[in-house]
Amino acid sequence: MKIGIGNDHAGVEMKMQIMEYLKSLGHEVVNYGTDTTESCHYPLIGEKVGRAVAAGEVECAVLICGTGVGISIAANKVNGVRAAVCSDTTTARLVKEHNNANIIAFGARIVGIELAKDIVKAYLDADFLEGRHAVRVAMFEEIENRSGD
Ligand code: RB5
């Protein structure tokens, strides 16, 4: 799978390790930065990765900031993005099964690297369950359409 990854200065070290982990699982990884610990603006990275996912440049993506929250809020402003912050593996599985999340986010200041790897694996191993969940996920797009009113 072709997977995007992006982070702010708080997530650089974890991003490097998650990139290696994804490659070890056989995935192609597209790195959208940042690669330095110099302070940067996470909304810009969240938007860049969100647009890459929405455009189909990558199938899904991983976002990392201090908490996972700010960068996912930015990504979720892009139409078609369903970014979910996860700090546990059960949530990571369910955001794919029920919400068809196309971005998973977590906080480098919240979860350790081993849990972060497990979160990524739980998300990637899960499948969207369709059915009643598809009806609800379609409603996200309806909200986006109404937002243009
Ligand atoms: C950066 O200090 C921090 O605000 C950012 O990484 C993130 O936690 C925002 O949600």
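Values in this document were obtained by computation on a predicted structure and should not be read as measured data. As the structure lists them, so they are numbered: ligands from 1, and atoms in each ligand from 1.
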**Request:** Could you list the residues that satisfy side chain to side chain donor-acceptor pair (under 3.5 Å) with Thr91, not counting sequence neighbours?
**Result:**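 With sequence neighbours excluded, Thr91 shows a side chain to side chain donor-acceptor pair (under 3.5 Å) to Asp88, given in chain and number order.
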Distances under 3.5 Å, N/O of ligand 1 against N/O of the protein: list each pair and its distance.
unit_1	atom_1	unit_2	atom_2	d
ligand 1	2 (O)	Arg109	NH1	3.3
ligand 1	6 (O)	Asp8	OD2	2.5
ligand 1	6 (O)	Gly66	N	2.7
ligand 1	8 (O)	Gly66	N	3.3
ligand 1	8 (O)	Thr67	N	3.1
ligand 1	8 (O)	Thr67	OG1	3.4
ligand 1	10 (O)	Thr67	OG1	3.3
ligand 1	10 (O)	Gly70	N	2.9

**Item:** Pairs touching residues 28-68 that satisfy ring pair (Phe, Tyr, Trp, His ring centres under 6.0 Å), sequence neighbours left out
**Value:**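 Sorted pair list comes back empty.
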Could you list the donor-acceptor pairs under 3.5 angstrom formed between side-chain atoms of residues 101-117 and any protein atom two or more places apart in sequence or on another chain?
unit_1	atom_1	unit_2	atom_2	d
Asn102	OD1	Arg82	N	2.7
Asn102	ND2	Gly80	O	2.9

**Item:** Other residues, nucleotides, ligands: >12 heavy atoms within 6.0 Å of Glu141 CD
**Value:**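 No - once you tally the heavy atoms of other residues, nucleotides and ligands closer than 6.0 Å, there are 12 at most.
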**Message:** Looking at Lys15 and Asp35, is any side-chain nitrogen of the basic one under 4.0 Å from a carboxylate oxygen of the acidic one?
**Reply:**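 Looking at Asp35 and Lys15, the cut-off is met.
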**Request:** Treat each ILVMFWY residue as a node, draw an edge where side-chain heavy atoms are under 4.5 Å apart, and state whether Leu124 and Met14 are in one component.
**Result:**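 Leu124 clusters together with Met14.
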